[in-house]
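Supplied in structure tokens, the structure appears directly below.
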Amino acid sequence: MTTTPTSGTRPDEIRRHNRTALLRRLHVDGPCTRAALATELGLNRSTIKALVDGLASAGVVAERVPAQRSGAGRPSLLVLPQPHAAVVLAIDVRVEQVSMAMVGIGGEILGRHSWNLHRKSREPGEVITHIADSSQLLADELSVDVVGVGVSVPGVVRRADGQVHEAPNLQWTDVPLGKRLAAVLRKPVQVGNDAELGALAEHVRGAARGAADMVYVSADVGVGGGVISGGSPLRGTGGYVGELGHMVIRHDGRQCYCGSQGCWETEVGEPALCRALALPEGSPRGAVVAELRSLAEEPGDPAGVEHRLGDFTYWLSLGLVNVVNMLGPELVVLGDLFASLPTEVVERASATVHQRSLVSRAVGGTRIVISTLGRDAKLIGAAELAFEPVLGTV
């Protein structure tokens with residue numbers, strides 16, 4: 001839907017607005033005919049023709065005959081974005097690993113690289129230097145020019161300038177990551193909280209497409225959340241929203257690094273999951289995932305799976321009840337380690353939420369599903385973050 005421009009709007013501003021809207025439609029939803037674009041964007045066909053012709057001349061889009069034809073007559077050409085016309089660098093900084101990818105307009109991953117982090121290599125300066133070196137090598141290998149950078153970080157991030165106020169599991173405090181990366185990469189850099197970007201990715205390209213109100217909950221070493229409200233990210237003051245892992249759910253629980261006691265992540269984060277699976281805390285991520293998959297594949301009744309995980313399912317369900325009551329989403333997407341949970345556990349959590357959440361009952365049942373993007377969710381979210389200011393300038 002388009003809004004009627006005010007009398008003071010200049011024609012070039014209207015064209016730029018329409019051009020950006022068309023590009024975003026193609027970037028998010030893929031190839032489309034001119035006729036469908038006109039209908040969806042509420043523009044006349046002559047305007048669409050002028051926009052598509054201009055973008056095609058610039059090499060940003062191309063028109064192709066559909067691979068599959070239906071009906072008689074000449075098929076309508078599909079307008080599709082050209083990935084190399086605008087490429088962003090997406091970076092996902094985790095506690096144990098950094099992943100990066102070159103992503104073209106339309107969401108196509110053109111190439112990727114990753115490396116493991118250890119105690120010394122986790123220091124901000126080391127991470128920034130490695131990002132700069134590796135991104136240049138990847139750009140040269142793919143023969144692409146980067147127009148923007150998006151970074152996902154497991155911490156409290158000020159969106160205005162990419163200042164990482166605190167990322168405890170990385171042992172970072174007050175790191176001007178956005179400014180430092182922009183200085184070495186010489187590109188615009190956007191930095192966001194990892195769970196917020198996971199929510200953005202699932203909303204744009206994953207399990208939450210079409211959901212106006214959703215919550216993404218992910219478990220790594222800690223637990224984080226991202227919120228989409230009314231179709232847009234909910235960011236709060238300074239961009240500090242989503243610390244769901246520090247919701248207190250157990251008054252006599254374990255001490256949390258945040259200074260509180262009984263936080264949700266002390267009962268359902270990676271260390272808690274290791275305890276539930278009888279694995280040593282600090283076990284490699286692969287070992288935890290393998291144990292969860294083995295548990296899911298074991299024959300037996302659902303009660304056996306829940307018994308094996310002990311109180312983990314109870315605390316997971318209780319936290320989700322609180323999340324649904326507070327935020328009222330139509331959908332909750334479970335990511336990272338939670339995406340490897342056995343089906344029985346997810347189903348039990350869903351049933352508990354419906355039974356105990358007033359909001360879930362009021363809306364007819366909040367759905368709880370597993371992420372469809374898997375471990376790439378935050379990397380894809382970082383790419384979408386980088387594209388936000390870029391689409392209007394391509």
- Query: For the atom pair CE (Met100) and CG (Leu137), what is the distance rounded to the nearest 0.5 Å?
  - Reply: 9.5 Å
- Hey, is the main chain of Trp315 close enough, under 3.5 Å, to the side chain of Trp264 for a donor-acceptor pair?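 Present.
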- Message: Working to the nearest 0.5 angstrom, can you tell me the gap between Cys258 SG and Glu243 CD?
- Response: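 It comes to 9.0 Å.
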- Could you check Leu318 against Arg356 for side-chain contact (heavy atoms from CB on, under 4.5 Å), going step by step and ending with a plain yes or no? CA-CA 9 Å; Leu318 182 61; Arg356 300 184 60 177; 3.9 Å; yes
- Message: Grouping I, L, V, M, F, W and Y whenever their side-chain heavy atoms are under 4.5 Å apart, do Leu51 and Leu80 come out in a common cluster?
- Response: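 Shared cluster, no.
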- Of Val151, Val191, Leu177, the residue whose pairing with Val157 passes side-chain contact (heavy atoms from CB on, under 4.5 Å):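 Exactly one option meets the side-chain contact (heavy atoms from CB on, under 4.5 Å) with Val157, and it is Val191.
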- Taking all non-hydrogen atoms of both residues into account, name the closest pair between Gly222 and Glu265 and its distance.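 That closest heavy-atom pairing would be CA-OE1, 3.4 Å.
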- Message: Could you check whether Asp220 pairs with Arg285 (Lys NZ or Arg NE/NH1/NH2 to Asp/Glu carboxylate O, under 4.0 Å)?
- Response: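 The answer is yes: the pair qualifies as a salt bridge.
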- Message: Tell me whether the count of non-hydrogen atoms from other residues, nucleotides or ligands lying under 6.0 Å of CZ in Arg122 goes above 12.
- Response: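 Atom CZ in Arg122 is packed in, count exceeds 12.
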- Heavy-atom pair with the smallest gap, counting every atom of Leu320 and Ala349: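 What the structure gives for the nearest pair is CD1-CB, 4.0 Å.
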Less than 3.5 Å apart, which donor and acceptor atoms pair up between the side chains of residues 359-388 and the rest of the protein, not counting sequence neighbours?
from   : atom 1 : to     : atom 2 : distance (Å)
Ser360 : OG     : Thr366 : N      : 3.0
Arg361 : NH1    : Gln355 : O      : 2.8
Thr366 : OG1    : Pro329 : O      : 3.3
Ser371 : OG     : Glu202 : OE2    : 2.3
Ser371 : OG     : Leu373 : N      : 3.1
Ser371 : OG     : Gly374 : N      : 3.1
Thr372 : OG1    : Ala207 : N      : 3.1
Asp376 : OD1    : Arg112 : NH1    : 3.1
Asp376 : OD2    : Arg112 : NH2    : 3.1
Lys378 : NZ     : Asp194 : OD2    : 3.4
Lys378 : NZ     : Ser218 : OG     : 3.2
Lys378 : NZ     : Asp336 : OD2    : 2.4
Glu384 : OE1    : His27  : NE2    : 3.0
Glu384 : OE2    : His27  : NE2    : 3.3
Glu384 : OE2    : Arg205 : NE     : 2.9
Glu384 : OE2    : Arg205 : NH2    : 3.3

- Taking atom CD1 of Ile91 and atom CD1 of Ile131, what is their separation to the nearest 0.5 Å? 4.0 Å
- Message: Tell me whether the count of non-hydrogen atoms from other residues, nucleotides or ligands lying under 6.0 Å of CG in Asp12 goes above 12.
- Response: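 Count over threshold, so yes.
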- Neighbour count >12 (heavy atoms, 6.0 Å) for atom CD, Gln171: no
- Among all residues two or more places apart in sequence or in another chain, which pass the ring pair (Phe, Tyr, Trp, His ring centres under 6.0 Å) test with Phe338?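 Per chain and number, Phe338 pairs via ring pair (Phe, Tyr, Trp, His ring centres under 6.0 Å) with no residue.
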- Message: For Arg254, I'd like to know if atom CZ has over 12 heavy atoms of other residues, nucleotides or ligands within 6.0 Å.
- Response: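 Atom CZ in Arg254 is not crowded, with 12 or fewer foreign heavy atoms closer than 6.0 Å.
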- With side-chain contact (heavy atoms from CB on, under 4.5 Å) as the test, would you mind laying out the steps for Leu331 and Val215 before giving the verdict? CA-CA 7 Å; Leu331 179 70; Val215 177; over 6 Å; no
- Query: To the nearest 0.5 Å, how far apart are CG in Leu89 and NZ in Lys187?
  - Reply: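 It is 10.5 Å, given to the nearest 0.5 Å.
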- Task: Would you confirm whether the ring centroid of His130 sits within less than 6.0 angstrom of the ring centroid of Trp115?
- Result: yes
